[in-house]
Amino acid sequence: MSSPPSLAEIEAHLDHLTKPPGSLGRLERLAARLCHILGTLQPETRPRRLCLFAGDHGVAAAGVTEWPSEVTGLMIANIVGGGAASSALAASSKTELEVIDVGSLSEPLAEVPGYLCRKVRSGTRDLTKDPALTIDEWRQAAGVGRERARSAADAGCRVVAAGEMGIGNTTPSACLAMLLADVPLEGAVGRGAGAGDETFARKQRIVRDAVERARRPLATRADNVDLETAIAAVGGLEIAAMAGFFTEAHRLGLAVVLDGVIATAAALAAERLVPGVRASLIAAHRGVEPAHGAMLDVLELEPMLDWELRLGEGTGALLLMPLLDAAAAMVREMATFGDLELAGPGTD
């Protein structure tokens with residue numbers, strides 16, 4: 001069996017396709033990233049699956065959002081029923097959509113295709129008072145994510161993505177940006193789903209105080225157990241599930257399309273706990289939450305789109321799927337100058 005092509009070999013192949021080198025711009029960089037992750041010059045992008053993990057957050061009761069937690073359960077039903085943005089974009093991009101409830105406050109839905117109830121607990125604790133999750137709860141939710149990554153791989157998916165639904169989850173993502181990427185408070189906390197000035201100021205105070213508490217055990221020790229405990233203390237069940245999903249997808253050699261700020265916080269947690277995960281990630285976009293770009297920079301990922309997105313649900317990842325199809329088709333189907341028995345540019 002031949003070894004996977006190196007990045008240099010992939011880029012040389014792209015340069016010898018029947019076009020001026022680099023003339024397809026960032027599509028070529030996307031193609032190179034996809035081929036490098038999958039280890040082939042014959043990349044396949046279908047079937048593919050978006051696993052959307054849902055969970056509620058105790059901190060929502062502290063007034064960090066204008067939206068009530070009941071919306072999480074309503075949106076789970078809406079997504080499963082086909083009425084959400086993620087539902088429409090998944091259908092239009094021919095991406096399988098699976099919703100996994102790992103920790104909402106709502107009652108489980110009836111069993112239907114594309115929906116799984118895998119609750120670790122009903123919402124996190126209020127991180128203004130207690131650690132949001134214990135390390136065992138974080139690991140249990142991460143295990144759900146790992147299992148769903150294996151399921152996608154078993155179904156033949158080589159490209160996967162993770163999305164989230166959970167009112168209040170920009171607060172834990174801001175905490176993780178500060179904790180794991182040293183993003184300053186003013187660059188970590190955004191307005192989420194439209195927080196007003198009073199709510200925004202309260203959210204900043206809550207994030208600052210929660211991160212200070214989480215950092216205290218790390219001041220004397222910095223092993224992975226302490227780090228994981230700190231991450232769990234400010235994290236979320238859907239964030240833990242996505243972190244586990246990313247970690248297992250990387251182990252399985254899948255290409256992972258990364259969504260917005262919440263998913264990126266989960267990816268950063270996965271990278272800190274299992275270094276190397278970022279090598280399997282393709283950043284779909286840079287959203288308007290300030291921490292998103294900062295975390296992508298730390299992960300050294302180039303976002304493909306900048307469309308002022310702030311919805312979540314995996315919508316940014318879904319928007320990139322047709323471009324992945326185009327990138328893969330370019331690599332697989334374009335002729336090379338060698339095929340035409342012509343010397344390519346820059347050759348004698």
Side-chain angles (χ1 to χ4, degrees), residues 55-69 71-72 103 123-135 137-138 141 164-219 226-240 242-243 259-273 286-299 309-312:
D56 272 308
H57 297 265
V59 72
V64 295
T65 174
E66 312 281 0
W67 296 79
S69 292
V71 172
T72 300
T124 64
R125 299 170 189 84
D126 181 352
L127 57 75
T128 67
K129 302 174 182 177
D130 301 290
L133 296 170
T134 67
I135 192 169
E137 290 164 344
W138 171 275
E164 42 65 36
M165 180 63 222
I167 294 300
N169 60 11
T170 57
T171 295
S173 69
C175 290
L176 290 170
M178 291 185 68
L179 181 70
L180 302 177
D182 292 325
V183 178
L185 180 68
E186 59 274 14
V189 181
R191 293 183 181 266
D197 290 345
E198 184 178 344
T199 300
F200 180 60
R202 184 184 305 115
K203 183 177 177 181
Q204 285 185 312
R205 291 194 300 270
I206 286 171
V207 168
R208 180 197 63 208
D209 293 347
V211 173
E212 285 179 0
R213 288 193 301 272
R215 279 176 170 161
R216 285 171 194 157
L218 300 178
D226 281 331
L227 178 60
E228 196 171 13
T229 300
I231 290 170
V234 297
L237 292 157
E238 79 278 40
I239 294 173
M242 287 191 292
D259 188 43
V261 65
I262 318 298
T264 303
L268 187 57
E271 174 65 25
R272 288 289 184 262
L273 295 172
R286 184 194 305 271
V288 299
E289 281 289 300
H292 193 193
M295 289 190 288
L296 289 175
D297 289 344
V298 169
L299 289 166
L309 302 176
R310 57 184 180 90
L311 177 58

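Worth saying up front: this structure is predicted, and the values here are computed from it rather than measured. Sequence positions, counted from 1, serve as the residue numbers for this chain.
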(message) Does Val64 form a side-chain contact (heavy atoms from CB on, under 4.5 Å) with Thr170? I'd like the steps, not just the answer.
(response) CA-CA 9 Å; Val64 295; Thr170 57; over 6 Å; no

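- Closest approach of Gly235 to Ala132, counting heavy atoms only: O-CB, 3.5 Å.
- Here Thr124 pairs with nothing under the side-chain hydrogen bond (donor to acceptor under 3.5 Å, both in side chains) rule; sequence neighbours left out.
- By the side-chain hydrogen bond (donor to acceptor under 3.5 Å, both in side chains) test, Glu198 pairs with Arg202, sequence neighbours left out.
- Going from atom CH2 of Trp138 over to atom CD1 of Ile239 covers 6.5 Å, rounded to the nearest 0.5 Å.
- Without hydrogens or angle criteria, Thr72 side chain to Ile167 main chain gives a donor-acceptor distance under 3.5 Å.
- Atom CE in Met242 sits 11.0 Å away from atom CG in Leu237 (nearest 0.5 Å).
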Per-pair distances, 0.1 Å, donor-acceptor, side chain in residues 260-268, under 3.5 Å, sequence neighbours excluded:
from: Thr264; atom 1: OG1; to: Gly260; atom 2: O; distance (Å): 2.7
from: Thr264; atom 1: OG1; to: His292; atom 2: NE2; distance (Å): 3.1

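- Residue pairs meeting the side-chain hydrogen bond (donor to acceptor under 3.5 Å, both in side chains) criterion with at least one member in residues 230-240, sequence neighbours excluded, are His57-Glu238, Asn169-Glu238.
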(request) Report the C-alpha distance between Ile206 and Leu127 in whole Å, list the side-chain angles of each, state the deciding distance to 0.1 Å, and finish with yes or no for side-chain contact (heavy atoms from CB on, under 4.5 Å). (result) CA-CA 8 Å; Ile206 286 171; Leu127 57 75; 3.8 Å; yes

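- To the nearest 0.5 Å, the span separating CD1 on Ile231 from SG on Cys175 amounts to 12.0 Å.
- Evaluation of the salt bridge (charged side-chain N to carboxylate O under 4.0 Å, His left out) test over residues 168-189, restricted to residues two or more places apart or in two chains, returns Asp182-Arg215.
- The two residues Thr199 and Gly63 have their closest heavy-atom pair at CG2-O, 3.4 Å.
- Between the Glu228 side chain and the Leu273 main chain, no donor and acceptor come within less than 3.5 Å of each other.
- Partners of Ala177 under the side chain to side chain contact (heavy atoms under 4.5 Å, CB included) rule, at least two apart in sequence or in another chain, are Val183, Ala188, Ala291, Met295.
- Under the side chain to side chain contact (heavy atoms under 4.5 Å, CB included) criterion, Glu271 pairs with Pro275, Val277, Arg278, Leu299, sequence neighbours left out.
- Under the side-chain hydrogen bond (donor to acceptor under 3.5 Å, both in side chains) criterion, Thr171 pairs with no residue, sequence neighbours left out.
- In this structure Leu185 satisfies the side chain to side chain contact (heavy atoms under 4.5 Å, CB included) test together with Met178, Val189, Gln204, Val207, Arg208, sequence neighbours excluded.
- Applying the side-chain hydrogen bond (donor to acceptor under 3.5 Å, both in side chains) test to Thr128 and every residue at least two apart in sequence or in another chain returns Asp126.
- Of the inter-residue distances, the one linking Leu180 atom CG with Ser173 atom OG reads 11.5 Å to the nearest 0.5 angstrom.
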